[in-house]
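Okay, so here's the structure we're looking at.
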Amino acid sequence: EAATRTYNQNNLENTYDNLETQLLSNIKFTRTWSGKPYSFDATIDYFQNILTGDVTLKLPTINFAISQVSPFKPKIQSERKKFYEYIRIGYNVQLKNELNTIDSLLLTAEAFKNFRTGIRQNVTVNIPSTVFKYFTLTPSFNYTDRWYFQKENRFWDPDTVVITNPDSTTETLYGQELRDTTYGFYSVRNYSFSLTTSTKFFGMYTFKGNKVKGIRHEITPSLSFSYSPDFGKDRFGYWDYVQSSNDGDSTFYTPYQIVSRLYGVPGPGLTAAISF
């Protein structure tokens with residue numbers, strides 16, 4: 001469903017339509033394979049605010065997933081499993097095309113230049129196993145790879161520029177921050193590790209009465225550690241400093257800000273945590 005901003009005002013057949021401020025339409029196709037760990041879906045979404053004219057068009061969003069499988073598990077299992085037989089792998093890939101514009105520019109060539117396209121792949125690897133007979137140990141690895149096709153670099157231009165405003169007044173800039181959009185193939189990756197161990201304790205408290213024979217209780221303690229490196233370092237190239245004023249002030253920014261609303265950007269700062 002799409003309409004001009006004045007459509008509801010001119011359409012008097014339904015009074016309640018005049019109170020609607022948002023239009024939303026979507027088409028979705030879903031496919032699953034019987035007995036297989038695969039799933040596929042594709043959607044087209046259209047959102048319009050008829051008061052402001054803001055339009056969001058997702059054309060399309062495609063998603064393919066493989067639920068966690070054990071690729072090294074033999075068809076005939078032995079009594080003593082090898083460590084690699086416990087490996088479980090999951091995979092997901094998604095393609096997204098998104099346009100944010102206003103309704104008056106929706107079908108123009110200028111609007112389609114603002115299409116943001118991205119692909120995200122995610123791989124998870126878990127190796128649950130039993131150690132010391134009573135403890136479950138699960139090392140995990142998570143890897144995400146984003147494919148973007150444009151980025152916006154910023155740099156400081158020290159030249160003095162005189163700008164003429166619409167009211168004929170002038171303004172002098174003693175240097176300014178400029179932005180340059182480049183198009184290509186850019187891979188933005190991040191990964192994390194975790195290690196979790198857990199066990200269970202059971203107990204029973206019995207009663208001598210006839211109505212309640214006993215109460216069974218269970219304790220499940222767990223200890224986990226997670227780690228993710230600092231993706232704000234120069235070697236990754238996801239974040240940088242740019243001079244932002246004539247006084248030498250700088251701003252920490254990411255060149256992928258213009259596409260970050262699709263799948264984000266790995267954040268700066270090392271992350272390590274222990275939980276019990």
Side-chain angles (χ1 to χ4, degrees), residues 1-34 36-68 90-124 142-152 179 181-190 238 253-267:
E1 182 180 6
T4 60
R5 296 187 216 183
T6 58
Y7 174 78
N8 287 342
Q9 299 174 17
N10 298 329
N11 178 22
L12 302 179
E13 296 180 2
N14 190 339
T15 306
Y16 291 102
D17 286 343
N18 293 323
L19 303 177
E20 250 343 292
T21 61
Q22 298 179 347
L23 301 177
L24 177 64
S25 300
N26 61 75
I27 302 173
K28 184 173 184 177
F29 171 79
T30 302
R31 170 73 190 277
T32 57
W33 287 261
S34 178
K36 301 293 183 179
Y38 314 128
S39 64
F40 172 87
D41 62 76
T43 59
I44 298 176
D45 295 290
Y46 177 84
F47 170 80
Q48 179 182 0
N49 187 313
I50 59 177
L51 290 182
T52 63
D54 293 332
V55 171
T56 297
L57 176 63
K58 298 179 181 180
L59 182 68
T61 299
I62 299 175
N63 188 77
F64 175 76
I66 303 176
S67 60
Q68 285 204 338
Y91 175 76
N92 173 269
V93 59
Q94 186 180 85
L95 164 69
K96 185 181 292 185
N97 290 289
E98 186 173 309
L99 172 65
N100 292 277
T101 184
I102 57 176
D103 51 11
S104 59
L105 298 177
L106 181 59
L107 300 179
T108 64
E110 185 65 28
F112 282 88
K113 291 181 181 180
N114 295 323
F115 250 113
R116 302 291 184 250
T117 302
I119 299 174
R120 182 191 63 193
Q121 299 182 86
N122 182 257
V123 179
T124 58
N142 186 79
Y143 175 81
T144 301
D145 190 4
R146 306 162 185 82
W147 293 353
Y148 293 137
F149 302 95
Q150 59 187 150
K151 64 179 181 179
E152 185 181 65
R179 304 187 180 190
T181 301
T182 59
Y183 298 86
F185 176 80
Y186 307 104
S187 180
V188 181
R189 312 178 183 94
N190 70 286
Y238 304 153
Y253 84 104
T254 172
Y256 301 99
Q257 180 66 40
I258 58 175
V259 290
S260 63
R261 65 179 297 157
L262 295 175
Y263 298 115
V265 180

Contacts of Tyr238 meeting ring-ring contact (aromatic ring centres under 6.0 Å, His included) (sequence neighbours excluded), chain-then-number -> Phe236

[atom2] on [Y] to [atom1] on [X], rounded to 0.5 Å:
{"X": "Thr144", "Y": "Gln121", "atom1": "OG1", "atom2": "CD", "answer": "10.0 Å"}
{"X": "Lys36", "Y": "Ile66", "atom1": "NZ", "atom2": "CD1", "answer": "11.5 Å"}
{"X": "Lys151", "Y": "Ile258", "atom1": "NZ", "atom2": "CD1", "answer": "10.5 Å"}
{"X": "Lys96", "Y": "Phe115", "atom1": "NZ", "atom2": "CZ", "answer": "13.0 Å"}
{"X": "Phe185", "Y": "Trp147", "atom1": "CZ", "atom2": "CH2", "answer": "5.0 Å"}
{"X": "Phe47", "Y": "Asp54", "atom1": "CZ", "atom2": "CG", "answer": "8.0 Å"}

Taking the side chain from Arg189 and the backbone from Tyr143, do they hold a donor-acceptor pair closer than 3.5 Å?
-> no

Sidechain-backbone polar pair: Arg146 side chain, Tyr263 backbone, donor-acceptor under 3.5 Å =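 Flag set: sc Arg146 to bb Tyr263 pair under 3.5 Å.
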
Output a table of donor-acceptor pairs, distance under 3.5 Å, between side-chain atoms of residues 56-63 and any protein atom two or more places apart or on a different chain; print 'none' if there are none.
from	atom 1	to	atom 2	distance (Å)
Thr56	OG1	Asn100	OD1	3.0
Asn63	OD1	Asn92	ND2	3.1
Asn63	OD1	Gln94	NE2	3.4

Would you please say whether a donor-acceptor pair under 3.5 Å links the side chains of Thr117 and Asn97?
->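 Judged by distance alone, the side chains do pair up.
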
Report the residues that fulfil salt bridge (charged side-chain N to carboxylate O under 4.0 Å, His left out) with Arg179, sequence neighbours left out, ordered by chain and then residue number.
->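 Arg179: salt bridge (charged side-chain N to carboxylate O under 4.0 Å, His left out) contacts with Glu152, Glu177.
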
Step by step, would you call Arg261 with Arg116 a side-chain contact (heavy atoms from CB on, under 4.5 Å)?
-> CA-CA 9 Å; Arg261 65 179 297 157; Arg116 302 291 184 250; 5.7 Å; no

Are Tyr46 and Val55 close enough that some pair of their side-chain heavy atoms sits under 4.5 Å apart?
->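 Contact flag for Tyr46/Val55 side chains = yes.
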
What heavy-atom pair brings Leu262 and Gly118 nearest, and what distance separates the two atoms?
->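 Taking every non-hydrogen atom into account, CD1-N, 3.6 Å.
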
